[in-house]
Amino acid sequence: MDRFRMIFQYFQSNSESVMNGICGLLALASVKMYTSLDFSCPCLPQYNMAYGLGIMFVPPIILFLCGLILNRQSLVMLEEWRQPPGRRKKDPAVIRYMCSSIMQRAMVAPVVWIIVTLLDGKCLICAFSGSMDPQKFVGFANVSTEQVQQLLAKVPCKDDELMRNSTSRKAVSRYLRCWSQALGWSILLILIIAAFLARWLRPFFNQATLLQARHWSTYIDIEQKIFEETCCEHSRLFAHKCILHFFESMQQEIKLHSSSLPREGEGAEGGEGLLQGITDQDQVNKLLKMWYYEKPPLDVSRAHQR
Amino acid sequence: MDKFRMIFQFFQSNQESFMNGICGIMALASTQMYSAFDFNCPCLPHYNLAYGLGILLVPPFILFLLGFVLNNNISMLAEEWRRPRGRRGKDAAVLRYMCCSMAQRAMIAPAVWLSVTLLDGKCITCAFCTSVPLESLGNASHPRLSQGEVLRVLARIPCKEIYNGQQLIANEVAVRYLRCISQALGWCFVLLMTTLAFLVRSLRPCFSQAAFLKSRYWSHYIDIERKLFDETCAEHARSFAKVCIQQFFEGMSTDLEAARCHLPRKAPADAGEAAEKLLGITDQGTMNLALKSWHRCKPPLHLHPPAQPTGNGWAGEGQPPTQPSAPRKETVAYYSWV
């Protein structure tokens with residue numbers, strides 16, 4: 001019981017830090033994913049934008065869904081939302097609180113991906129090189145329109161023969177990367193200001209309601225865990241009783257059928273008790289066959305009365 | 001309870017060192033961020049200054065705010081500031097102390113970023129390459145160019161591979177000059193920060209040390225009190241949940257007995273503990289009912305004292321306890337299986 005209590009306390013006191021840990025791991029995983037991704041822009045006029053924006057927005061959606069899936073709280077919240085009220089009235093503030101805390105944690109990894117993408121610059125260069133104004137750059141100013149589109153689309157590919165030593169390519173690339181980095185830093189700045197204001201200003205609004213919502217959401221989580229533990233322990237005892245009952249009934253049957261072997265009732269209690277009267281190969285085989293073909297019913301009330 | 005106390009003492013004694021640790025990690029993270037960041041000067045006349053100063057100043061601001069966001073004390077400070085007076089007075093000195101200590105820790109990572117940026121030199125080179133003094137550093141025999149052209153040429157100084165103004169001013173000369181100024185600024189900044197830190201640390205005991213000790217004590221106290229309150233609420237929730245579930249199962253089996261009343265339950269003395277642990281549920285049907293009822297109709301958040309024979313499984317509302325519930329709940333909570 002003591003062990004149980006200690007483990008419970010550990011889990012409860014650390015459920016917040018477990019969730020924060022998962023959130024941090026996902027953020028690190030997203031950075032690692034980005035650095036190991038072999039970004040290869042197609043360098044074709046129609047495909048560039050689709051590829052660039054796809055790489056920028058599809059993995060964040062995947063990371064967001066992963067963040068929701070890995071968070072145990074989201075299941076608890078859904079259950080709490082969908083279950084009938086029963087004899088307990090539902091508190092929408094608790095559900096809102098749980099929802100907002102889940103969303104905040106799930107949004108960290110996608111945001112990290114988007115910012116790393118923008119600060120690196122390759123995605124935006126790939127996506128928007130075709131939309132540049134060729135007049136601004138010396139190398140592209142005097143080229144026909146179709147050709148200029150082809151050339152601009154090739155800007156992200158440094159190793160292309162046409163573009164290898166072109167200063168205009170480098171100029172376009174620098175220009176786009178500069179914008180991409182500026183956008184990345186601005187988004188990061190806005191998000192940090194929002195996070196700071198949220199943390200600073202929250203106690204100014206409804207602090208008491210927040211404390212209540214937080215307490216009851218913790219309570220719901222603990223209650224669910226304890227219920228599962230209780231059910232586990234119950235099913236262990238139930239199974240134990242059921243199996244003992246099964247062995248006893250087998251023992252009875254064997255006694256009835258093999259009257260040629262009169263058993264001394266009181267034999268060596270310890271060892272005999274464990275053997276449950278089943279002491280040779282045939283009996284064991286019969287028991288195993290019975291267990292497979294005819295499992296006992298899920299009812300230990302009669303065993304209780306013995 | 002002993003383990004709890006040990007953990008608390010650890011946190012209390014190390015609250016300061018915990019925050020210092022976070023502070024150090026952020027400083028390291030800021031140098032790592034700088035070296036991982038691919039500095040990419042646009043080399044265009046009007047963009048250089050914006051980009052260079054942006055990279056010099058925006059990340060420190062972000063790091064400063066991040067230092068506040070990661071610090072748990074910020075919500076504590078706001079709570080303490082906004083709470084109603086109640087029966088406890090408010091001390092402005094404590095709030096000031098908390099604010100100062102948070103701000104000091106949050107300033108370290110931005111200061112590290114600024115120093116590293118200035119000492120490296122790329123930002124200043126990018127931002128101020130168009131303001132290089134041509135008269136003293138430029139080549140004497142440079143062609144006469146319009147102002148705009150000169151600016152465009154100078155803007156390309158940080159980008160060596162596209163620089164085409166060797167006759168105007170040698171790239172090496174300009175870069176060296178700008179980097180020298182940047183490093184001088186960097187070292188002055190580091191010296192200034194260190195001197196300030198030294199003065200603050202050494203002069204503080206000379207001014208109102210007693211008031212300082214008081215503010216520090218009470219700010220730690222508020223922090224610990226808040227943590228203890230959260231822990232106590234969590235422990236209470238745990239006990240509450242245990243008893244609620246136990247009463248749910250008891251209520252269920254009582255009601256089923258009353259409904260069926262053909263299985264007189266003998267509770268033999270030697271099977272006492274096992275019988276109790278089975279919570280009166282001994283077959284599949286009853287267990288299924290219990291699980292269904294747990295989902296469809298959770299019991300109310302209202303614990304009953306153990307002595308009353310309650311019919312509160314299915315048959316309707318339980319009787320409210322006649323005595324005030326708080327002390328009874330205490331008794332009930334510790335009555336469970338232990």
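Every chain is numbered from 1, with letters handed out A, B, ... down the list of sequences.
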Is the distance between the ring centroids of B/W81 and A/F204 less than 6.0 Å?
yes

How long is the span from the CD atom in A/E79 to the NE2 atom in B/H295, to the nearest 0.5 Å?
7.5 Å

Cut-off 4.5 Å, heavy atoms of chain B, and the answer for A/A182 is neither

Selection from A/I193, A/D120, A/L191 maximising heavy-atom pairs under 4.5 Å formed with chain B
A/I193

With no hydrogens and no angle check, do the side chains of B/N71 and A/R199 hold a donor and an acceptor under 3.5 Å apart?
no

Do the two ring centres, one from A/W185 and one from B/F37, sit under 6.0 Å apart?
yes

Let me know if B/L65 has heavy atoms under 4.5 Å from chain A in its side chain, its backbone, both or neither.
both

For A/Q207, does its backbone N or O pair with a side-chain atom of B/E79 as donor and acceptor, under 3.5 Å?
no

Sort B/M76 into side chain, backbone, both or neither according to what part of it lies under 4.5 angstrom from a heavy atom of chain A.
neither

Once the angle between the rings of A/Y175 and B/Y47 is folded into 0 to 90°, is it parallel (under 30°), tilted (30 to 60°) or perpendicular (over 60°)?
perpendicular

Heavy-atom check, side chain of B/F61 versus side chain of A/I192, under 4.5 Å
no

Side chain A/R174, main chain B/C41, donor-acceptor under 3.5 Å
yes

Would you call the rings of A/F227 and B/W294 parallel, tilted or perpendicular, where under 30° means parallel and over 60° means perpendicular?
parallel

Could you label the plane-to-plane angle of the A/Y219 and B/F240 rings as parallel, tilted or perpendicular, counting under 30° as parallel and over 60° as perpendicular?
perpendicular

Step by step, would you call B/L66 with A/F196 a side-chain contact (heavy atoms from CB on, under 4.5 Å)?
CA-CA 8 Å; B/L66 191 64; A/F196 173 76; over 6 Å; no

